[in-house]
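Here the structure comes first, spelled out in structure tokens, and everything after it is commentary.
Numbered from 1 within each chain, the chains take letters A, B, ... in sequence-line order.
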Number of protein chains: 2
Amino acid sequence: MSHTSGTIGNQSSLPVVIIIGGGFGGLSAARALANVAVRIILVDKSNHHLFQPLLYQVATSGLAEADIAEPIRSILRNQRNVEIFLDEVTRINTVEKLVVTSDLTLHYDYLILACGARHSYFGKDEWEQHAPGLKTLGDAVNIRNRILMAFEVAEKASAPEERKRAMTFVVVGGGPTGVETAGAIAELAYCTLKRDFRHINPAEARIILIEATSHILPTFDLVLSRKALEQLKKLRVDVRLNAKVTRITEDYVEVSGITIPTRTVIWAAGNMASPLGSQLGVEVDRQGRVMVNADMSIPGHPEVFVIGDMAFAKRANGTPVPGVSPAAVQAGRHVARNILRLLNGISTKHFEYVDKGSMATIGRHAAIADLHLIKFSGYFAWITWAFIHLYFLIGFRKRSRVFLSWVFSYLTYTTTSRIILPQTQQDDLLRGRSVSKNT
Amino acid sequence: MSHTSGTIGNQSSLPVVIIIGGGFGGLSAARALANVAVRIILVDKSNHHLFQPLLYQVATSGLAEADIAEPIRSILRNQRNVEIFLDEVTRINTVEKLVVTSDLTLHYDYLILACGARHSYFGKDEWEQHAPGLKTLGDAVNIRNRILMAFEVAEKASAPEERKRAMTFVVVGGGPTGVETAGAIAELAYCTLKRDFRHINPAEARIILIEATSHILPTFDLVLSRKALEQLKKLRVDVRLNAKVTRITEDYVEVSGITIPTRTVIWAAGNMASPLGSQLGVEVDRQGRVMVNADMSIPGHPEVFVIGDMAFAKRANGTPVPGVSPAAVQAGRHVARNILRLLNGISTKHFEYVDKGSMATIGRHAAIADLHLIKFSGYFAWITWAFIHLYFLIGFRKRSRVFLSWVFSYLTYTTTSRIILPQTQQDDLLRGRSVSKNT
């Protein structure tokens, strides 16, 4: 039997809903079940929910780690039907309805998988060590360390070619993450660091954005994509379209046959869904996403749901549900309601994603916004972007902190968190060692 | 010749002052030389100055990393006679007046060593892996990870003895760092985390403070030390006086023959000065501190000064200058003036430390303060402590951030930064790889 059923006896008759992942999808599902007589067990590898849309700001020193992360326990503190375990899921058994983690074996009646995606290197996994991606807080700190360290190396370099290499930053991938990161590095170099060095001129830094297709932000309207390109060029980002990365080493990036010497490459080009999806025994697509039914359950298992970046779902118009946070939030809420329907013996409903629009920001003054009825770009789009993102940041306290940080950064052209943080601990220290396991 | 003299030719005729360390002492020396015609080279292993008196707050989730750290470059941005290199000093040659780092060889006319201290385990270096100390931002993140992880392990534990072990926190050392850390862990467990768990009651956590002598805060007046003990006991910290740690393993701490099962031990018991002091060829004391002359220079080298926690200096009354930040700040300013005197061909002056008093805080409502003319404790001492610390936090911006964090934490009993941050990168990525070396 499940590990925890022994410890909270009086609740053990309730149906158990296990949610794997405390991101936008998992949290939204948990919250939507707040007043339902179920026992919710949320399992996540990390102790915090991450406001991922602003992660690039941490990677480029604009915000501190704590500004965009909140403990999942804090968020769900007052929802008494949720238990949270910080643990890594190692195995899912849909026949026996078991979730096995490093320390626990848990039985479920309903399962929601919301584990998101990692970056993918199209089979070139050896690129990862030289070109880290940006998905977790640890990734962001890693990239921040590399960017800041590059300027420090340049300041010490005696050979001009060495200095030039250190001051060349390559961002691979012209989607929102790549565009936002490239813009933020440009502002860091050209504005924030302007007066900080004596032997180098940060204005000589080169920021190169590589995009394989013919335009950046390909999911946006073409007019907005062109506006974004203009805005990036104003920030002196060197955008290379129709360019294919063929090699990444410690010393350079090879792009369509041209070698660019650099020590700082950031990968924002590809995603691969959590490998847990492939344990369900159902079809997954090339990006590892689970092909879900219209109600977000998986074929053959009406009690198992997959949502967010892990799922491949089709909208009524035939296009896929995009891998964005509003889609994960909506799907989380939807599958919670479907579970309630199943509990009440009625049939589930199809998920229909409501697209309220999308935005991307380019530096501190510009953005593009597509709100369907209205498409706009420039300074007003940036202000809109800033307010929408502040509004959705979880918790009033974080909002105030971030708002204060932004106002200060805006007025003073400084950044909040330009810290090179050394390696802090061994991974195994973080694992719950020697906890008794029982099944 | 020095690496950098080639790159800024027109300044190369100025006398070179090398400062090793960007802590309180090194920064204060650099600032005091702002209007002097010298070329200052400041070398530090990390890119940020740390407000160390509040480091325990980061270790216990009360403040975020960025709240107490500011890039040294930002602080000295407008002081044009300073160059900063992020590098590790590997060798000092006082005969040839050279400082050798991982990447550079630098010549000096005057040298100021202000590299501080690390914790020391009295020859039991194998204890470090189980009982980390608290000196750097990395240390604080490491300890925060361990404390937060202990509660997560307890929540998953099925055996009562395992749960008890996970919820036992041992702080070794009853000086200010130990007292402040123990008090902060108590408040984290008993207040902040109160409603966050389902299988454990954080109120059952045990916080044990081990002190080898007969009273805590031994540098304070005995009356205040007793007040602090009362205040700690009110916070339910189990203080064990005259207790000696004889063994630390992954599973327990042995204190005066008694075994305390625990997975979280924090070391606040001993200091060892930076090993660079022993490269100077002059006498050092048992803690590795350099025995300096009355003007803070070293015997035989009037151009080499050692300040802060690295130095052993005697006051006029025969007592040693304490290892506290005001002493480092004053000594930094003093040796800067002594260098100016030497430049003007006049003799140096003796350093005299002006002790303005000391304070220690115990939790969120209590502190002790010894301002000589007046000694007080309790809530008013805590308010005084908070304002003095805010006042000295570098930069208006940090002050506002920290103030806001504190007000929110105070009103809501939550914490700012309860984040378990995974290992972020390899140490070698942080080193400036393959920068040309020349001498």
Side-chain angles (χ1 to χ4, degrees), chain A residues 3-4 6-8 46-48 64-66 69 71 73-74 77-78 83 85-87 103-104 136-138 141-142 145-146 148-149 152-153 155-159 162 195-196 198-199 397 400-401 404-405 408 412 414 416-427 429-430 432 435-436 438, chain B residues 3-4 7-8 46-48 64-66 69 71 73-74 77-78 83 85-87 103-104 136-138 141-142 145-146 148-149 152-153 155-159 162 195-199 397 400-401 404-405 408 412 414 416-427 429-430 432 435-436 438:
Chain A
H3 157 80
T4 42
T7 49
I8 51 161
S46 65
N47 81 326
H48 49 271
E65 295 91 301
R73 291 194 187 285
S74 296
R77 171 177 296 159
N78 296 321
E83 294 154 50
F85 293 118
L86 176 60
D87 215 333
D103 290 321
L104 306 168
T136 68
L137 216 47
V141 172
N142 181 12
N145 279 345
R146 282 167 183 254
L148 296 176
M149 187 54 80
E152 299 293 339
V153 167
E155 178 79 347
K156 286 191 288 186
S158 46
E162 184 58 37
R195 296 171 55 80
D196 278 18
R198 301 294 179 262
H199 299 278
R397 192 158 128 275
S400 313
R401 272 179 74 91
L404 194 76
S405 285
F408 274 112
T412 61
T414 57
T416 293
S417 183
R418 236 166 65 225
I419 297 164
I420 298 178
L421 192 69
Q423 187 174 7
T424 49
Q425 69 289 309
Q426 304 304 312
D427 257 343
L429 281 177
L430 281 187
V435 175
S436 323
N438 40 5
Chain B
H3 158 78
T4 41
T7 49
I8 50 160
S46 66
N47 81 326
H48 49 271
E65 296 91 301
R73 291 194 187 285
S74 295
R77 172 178 294 159
N78 296 320
E83 295 154 51
F85 293 118
L86 176 61
D87 214 334
D103 290 321
L104 306 168
T136 67
L137 216 47
V141 172
N142 181 12
N145 279 346
R146 282 168 181 254
L148 297 177
M149 186 54 81
E152 299 293 339
V153 168
E155 177 80 346
K156 285 190 288 186
S158 46
E162 183 58 36
R195 296 171 55 79
D196 278 17
F197 294 88
R198 301 293 180 262
H199 298 278
R397 192 158 129 272
S400 313
R401 272 179 74 92
L404 194 76
S405 285
F408 274 114
T412 60
T414 58
T416 293
S417 182
R418 237 167 63 224
I419 297 164
I420 298 178
L421 191 69
Q423 187 174 5
T424 48
Q425 69 289 308
Q426 305 304 311
D427 257 342
L429 280 177
L430 281 186
V435 175
S436 322
N438 40 5

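Rounding to the nearest 0.5 Å places CG of N47(A) at 6.0 Å from CD of E152(B). In this structure, the separation between CG on L104(B) and CD on E155(A) is 10.0 Å, given to the nearest 0.5 Å.
Side chains of L86(B) and M149(A) form a contact here, defined as non-hydrogen atoms less than 4.5 Å apart.
Minimum interatomic distance between E65(B) and E65(A) (heavy atoms only, all atoms of both residues): OE2-OE2, 3.2 Å. Looking at every heavy atom in both residues, I420(A) comes nearest to H48(B) through O-CE1, 3.3 Å. Closest approach of D196(A) to R77(B), counting heavy atoms only: OD1-NE, 2.5 Å. The two residues H199(B) and E83(A) come nearest to each other via the heavy atoms NE2-OE1, 2.9 Å.
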